[in-house]
2 protein chains.
Amino acid sequence: MNHEPASSTAAPRRRAGRPRSVVLDRELIARAALKLVAAGGYSTLTMSALAKSLSVSPSALYNHVESKQEIMQWIQEIVMDGVDSTVFETLPLDEALMAWAVTYRDIFAGHAPLIPLIAVLPVSGSPRTLEMYEKVAAGFTRAGWKQEDIIPAIVALESFIFGSALDATAPLDIFDPGENTGNIPNFEGALEAQRATGRHSADAAFHAGLRAIVNGLLATSRTT
Amino acid sequence: MNHEPASSTAAPRRRAGRPRSVVLDRELIARAALKLVAAGGYSTLTMSALAKSLSVSPSALYNHVESKQEIMQWIQEIVMDGVDSTVFETLPLDEALMAWAVTYRDIFAGHAPLIPLIAVLPVSGSPRTLEMYEKVAAGFTRAGWKQEDIIPAIVALESFIFGSALDATAPLDIFDPGENTGNIPNFEGALEAQRATGRHSADAAFHAGLRAIVNGLLATSRTT
DNA sequence: GTTCTAAATGAATGACGTTCATTTACTAGA
DNA sequence: TCTAGTAAATGAACGTCATTCATTTAGAAC
């Protein structure tokens with residue numbers, strides 16, 4: 001992971017404008033947006049706040065960006081770059097999948113608003129995401145998987161990861177039945193027993209689920 | 001599934017107003033909202049469109065609703081009611097989980113914008129959701145599961161289901177690498193092989209993943 | 001008939017994201 | 001050195017939202 005600035009479209013060269021100290025470009029905007037998000041969450045990421053943080057007027061951003069969505073995509077690429085997919089080159093498939101999934105979920109738990117976007121976004125716009133897929137696919141191939149089973153396995157894992165990342169942002173007491181108690185003995189019993197373990201239910205669920213899905217996938221995999 | 005009107009707070013009785021034909025109430029608003037969504041998707045669900053569909057001014061809605069979010073929660077309850085969780089009373093656990101998960105995903109694939117909401121919403125506000133959890137928990141209990149493992153298993157399954165529902169809304173060609181071809185032989189090979197099967201990759205992934213996670217959970221389950 | 005009150009009104013507000021005509025100031029070519 | 005040409009920034013709009021609020025309306029209760 002961790003690439004250079006990597007602007008797929010050549011960065012605009014200093015040309016003109018006002019007595020500006022710097023000229024906006026993709027990298028600058030994306031970094032500023034990420035900083036804003038890091039400081040105050042996604043609700044503080046507005047075009048005017050972003051512009052202000054760059055000492056520029058909101059409309060100036062539109063010389064470099066088509067829409068706010070595009071900025072979200074830039075952020076997504078940077079964030080995705082934090083996912084460690086080198087593990088597929090060093091670990092056996094099952095361990096690599098587990099390690100990869102853990103970092104993947106942890107990172108996107110802090111960027112939940114990106115998830116509905118990513119799930120629907122063509123990968124063609126994100127070279128780094130493609131690189132990640134390549135490394136994962138290589139891991140499956142090396143383990144002898146049938147080619148046609150690889151994409152579904154990756155997508156299934158990602159679905160679980162994204163769902164778990166969303167879940168990780170839920171409040172701790174999300175399952176508290178409140179006043180609606182009485183008719184739900186099995187659920188309440190399970191809830192109490194889970195509570196007694198002292199574990200975060202989201203974490204317990206993610207790890208149990210991850211083990212299950214990885215084992216399950218490997219158990220049913222047909223090799224070439 | 002399928003309950004009566006079920007307004008937890010008593011419905012406001014006809015009291016006064018204008019020469020209105022009907023008085024707004026929770027059920028009426030929720031149904032109108034759902035109808036709007038069914039007709040034009042979530043982007044068409046605005047407070048003024050909703051008000052117009054009820055022949056009322058937007059501000060009138062706020063006599064019955066705290067916020068648009070609350071309307072979304074009402075919709076969520078109705079939608080959740082469509083998930084069939086009676087299967088746990090008739091089928092063995094593994095089959096019941098599969099059947100339940102399939103309807104769960106299919107239904108929420110048509111209501112993706114609800115997912116980020118649900119994942120974070122306290123269940124205390126939704127009696128029907130609690131009822132569903134009770135049925136699922138009962139299924140696990142009946143199969144002899146350790147109580148403390150039940151909640152994590154349910155949460156893991158739900159995470160996978162929600163992630164898959166989001167994924168189901170993605171465009172068919174989401175994985176098309178576009179111009180970024182060349183350095184990704186393993187991924188492209190896997191993609192081509194998957195394409196050749198003629199299956200929707202989202203569907204293939206969901207079914208493969210579901211089988212894997214259910215088998216994996218049952219394989220590692222410790223019973224009482 | 002007077003009072004009480006739930007409900008509806010419509011005008012106004014304040015965030016947003018986004019557009020556009022206009023201006024600014026650097027660069028390249030004559 | 002002068003002159004276009006042009007990337008970039010400006011600020012004043014817009015349109016679309018959700019939401020608020022003072023005011024009005026008209027049944028119900030006594």
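Residue numbers start from 1 in every chain, and the chains themselves are labelled A, B, ... in the order their sequence lines are given, proteins ahead of strands.
- Looking at residues two or more places apart in sequence or on another chain, you find a ring-ring contact (aromatic ring centres under 6.0 Å, His included) between B/F108 and B/Y104, B/F162.
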Acceptor/donor pairs from residues 178-192 of chain A side chains to any protein atom, 3.5 angstrom cut, sequence neighbours excluded:
{"residue": "A/T181", "atom": "OG1", "partner": "A/E188", "partner atom": "OE1", "Å": "3.0"}
{"residue": "A/T181", "atom": "OG1", "partner": "A/E188", "partner atom": "OE2", "Å": "2.6"}
{"residue": "A/N186", "atom": "OD1", "partner": "B/T141", "partner atom": "OG1", "Å": "3.4"}
{"residue": "A/N186", "atom": "ND2", "partner": "B/E134", "partner atom": "OE2", "Å": "2.9"}

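- In this entry the distance linking CG of B/D25 with P of C/dA8 reads 10 Å, nearest Å.
- Every side-chain contact (heavy atoms from CB on, under 4.5 Å) that B/A119 has, sequence neighbours left out, goes to A/L166.
- Every residue meeting the ring-ring contact (aromatic ring centres under 6.0 Å, His included) condition with A/F140, not counting sequence neighbours, appears here in chain and number order: A/W145.
- Side-chain to base pairing of B/N63 with C/dA8: one donor and one acceptor N or O lie within less than 3.5 Å of each other.
- OP1 or OP2 of D/dA9 has at least one side-chain nitrogen or oxygen of A/H64 nearer than 4.0 Å.
- The nearest whole Å value for the distance from the NZ atom in A/K52 to the P atom in D/dG11 is 13 Å.
- Separating the OH atom of B/Y42 from the C1' atom of D/dC17 is a distance of 18 Å, rounded to the nearest angstrom.
- Checked against side-chain hydrogen bond (donor to acceptor under 3.5 Å, both in side chains), A/D106 has no partners two or more places apart in sequence or in another chain.
- Backbone-only contact: B/L45 has heavy atoms under 4.0 Å from sugar-phosphate atoms and none from a base.
- Atom CG in A/L61 sits about 14 Å away from atom C1' in C/dC16, given to the nearest Å.
- Judged purely by atom type and a 3.5 angstrom limit, A/Q76 has no side-chain atom pairing as donor or acceptor with the backbone of A/L114.
- Distance CG (A/L28) to C1' (D/dA7): 16 Å, rounded to an integer number of Å.
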Considering only nitrogen or oxygen atoms on both sides, find all protein atoms under 3.5 Å from nucleotides 19-22 of chain D and state each distance.
{"residue": "D/dT19", "atom": "OP2", "partner": "B/Y62", "partner atom": "OH", "Å": "2.7"}
{"residue": "D/dT19", "atom": "OP2", "partner": "B/K68", "partner atom": "N", "Å": "2.9"}
{"residue": "D/dT19", "atom": "O5'", "partner": "B/Y62", "partner atom": "OH", "Å": "3.3"}

